Amino acid sequence: MRSTSQFVADRCSSVEMSFPAVFSWDYDHQDDRLVRLYDKAKRSQWNAATDLDWSIDVDQSHLDAGLLAVLRDPPGSPFAHLTDGELAEIGWESQAWTVSQFLHGEQGALLATAKLVDAVPDEDAKLYAATQVMDEARHVEVYERYLSQKLDRSYPINPHLDSLLRDLLSDSRWDVTYLGMQIMVESLALAAFGFIYQTTNEPLLRDITAHVMADEARHVAFGIASLTGVYDQMDERERRDREEFVCEAAELMRDRFLQREVWERAGLPADECEAFVRDNPLQVQFRSLLFSKVVPNVKRIGLLTPYVRDRFERLGILEFESEPASA
Ligand SMILES: [Fe+2]
Ligand SMILES: [Fe+2]
């Protein structure tokens, strides 16, 4: 029989966390926005097992002609020699990779919001964060079930996403957990979910996405409500730390969408495929669109400073500054 430590080594990984768990003895409501969000969250709970039609038969074995052309037609494409069937197989892998990263990201959100319940000093935020813990558990449930029952394949966490989740969980400052999860990761997830909702023709994934997006919009609103004004009062050195964190998070998130693990599993030249995905104009446009909610939300909490603006400009994501934020 395997020991507990063996099980942990095989199936788990850990992040050292050190932060004060804070009691709040002030039960008076301080923030109407959080009270309203808490009330809305309680009314908006759904059941992943019964509110979705799991009887839908998912067939990922074909790709639409437009996507095939995007991959295969550009000059110098490393996919040019592949048949429709081989490309469709890669498309299935790519979908499994994407949903796997959603699953791992949702588990990160589960851990992060459980930490927020302990660490935030304000009672309204603790109560709201508790509802988000349940939301994230439901999201883990739904993506795990979709992967195991409908796609029948999965991928480990992408190293860039892993690094970001570890950074935001191990930081002892409660606002950095908010900043990393509620603003950066969830704003980007909301854009990615929106893209999938608009483009997928798979009815179960579309319905899952609609349910998850409704929760995530609330989560981002929670982050904005909690962080508005916090950075205006911070001294310059402390604020610069947050600016650095936001820029590094944006770089990690941009690089996680190159799908190297998919090319490796398919036996394709991974460096070549990664370079193609990095430089292909449509892929560049897709990745920058993922930041269309990150940038306005960073601005709303007062962190789109000249320093961050300059770094975002070099990342090619500043164009979204004036987009309406989701909240
Ligand atoms: Fe989530
Ligand atoms: Fe979330």
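Being a predicted model, the structure only gives us computed values, none of them experimental. We count ligands from 1, going down the list as the structure has it; atoms in each ligand are counted the same way.
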Fill in the blank from the handout: Distance filter < 2.8 Å from the Fe ion (ligand 1), protein N/O/S hits 4
Problem - Pairing residues for N280 by the side-chain hydrogen bond (donor to acceptor under 3.5 Å, both in side chains) criterion, not counting sequence neighbours - result: none
Practice task
Kindly state each residue pair satisfying side chain to side chain donor-acceptor pair (under 3.5 Å) with at least one member in residues 19-28, sequence neighbours excluded.
Solution key: D26-Q30
Fill in the blank from the handout: Which of H139, Q182, E136 passes side-chain hydrogen bond (donor to acceptor under 3.5 Å, both in side chains) with H219? It is E136
Handout entry: Cation over ring face, R254 and F291, 6.0 Å, 45°
Key = no
Problem - Which residues share a side-chain hydrogen bond (donor to acceptor under 3.5 Å, both in side chains) with D271, sequence neighbours left out - result: R260
Practice task
Verify the ring-centre separation between F79 and F276: is it less than 6.0 angstrom?
Solution key: yes
